[in-house]
Amino acid sequence: TPLEYLRIVEEYRRGAGMEWKEIPEEVLKAEREYLEAEEDVRIATEAEVSEEKLNLLKAILAEKEYKYRQLLAIHGL
């Protein structure tokens, strides 16, 4: 995921004695959950599932996105 890549970059920066930011595991987990929910919505849209099921998946996606963005803001990422 993008934050996993950023974590690698930040570890390099830390090792090189440069300014760096720690990326907590909880943020990485939230990013993975958000990306999985996004993929679920995409797959459901392509499969033309019922509108009710699609709306449920979109609600879950919105919840995951909110949590992810909140954690990014809290940790200054």
Side-chain angles (χ1 to χ4, degrees):
T1 66
L3 276 183
E4 289 171 329
Y5 175 75
L6 182 58
R7 186 182 222 182
I8 293 168
V9 171
E10 292 299 321
E11 288 297 322
Y12 167 79
R13 292 174 61 88
R14 182 174 130 185
M18 302 166 76
E19 187 176 316
W20 63 283
K21 290 185 180 182
E22 182 175 352
I23 301 175
E25 189 61 38
E26 70 176 330
V27 178
L28 291 171
K29 182 179 180 219
E31 180 188 43
R32 280 187 229 106
E33 290 175 356
Y34 167 64
L35 293 174
E36 287 172 8
E38 196 172 52
E39 180 70 7
D40 291 344
V41 168
R42 185 188 65 74
I43 290 169
T45 301
E46 289 175 359
E48 299 179 4
V49 299
S50 70
E51 190 171 329
E52 182 179 329
K53 171 113 174 146
L54 186 57
N55 287 338
L56 175 63
L57 290 172
K58 286 180 178 180
I60 292 169
L61 173 61
E63 179 183 314
K64 299 292 183 184
E65 180 179 16
Y66 177 77
K67 179 182 176 185
Y68 173 56
R69 293 193 185 283
Q70 286 295 103
L71 287 171
L72 287 175
I74 288 169
H75 294 285
L77 298 170

With rounding to the nearest 0.5 angstrom, report the OH to CG distance, Y34 to L72.
10.5 Å
Close side-chain approach of L71 to P24, heavy-atom, < 4.5 Å:
no
Value rounded to 0.5 Å, distance of OH in Y5 from CD1 in I23
11.5 Å
Rounded to the nearest 0.5 Å, how far apart are CG of L56 and CG of L61?
11.5 Å
Can E11 and R14 be counted as an ion pair, charged N to O under 4.0 angstrom?
yes
Are the charged groups of E65 and K58 less than 4.0 angstrom apart, N to O?
no
Report the distance from atom CZ of R13 to atom CH2 of W20, rounding to the nearest 0.5 Å.
11.0 Å
Euclidean distance, I8 CD1 relative to E10 CD, rounded to 0.5 Å:
11.5 Å
Salt-bridge contact E4-R7 (side-chain N to carboxylate O under 4.0 Å):
no
Side chains of L57 and T45 in contact at under 4.5 Å (non-hydrogen atoms)
no
Rounded to the nearest 0.5 Å, what's the gap from CD1 on I60 to CD on E36? Could you check?
12.0 Å
Decide yes or no for K64 and K67: does some side-chain heavy atom of the first lie under 4.5 Å from some side-chain heavy atom of the second?
no
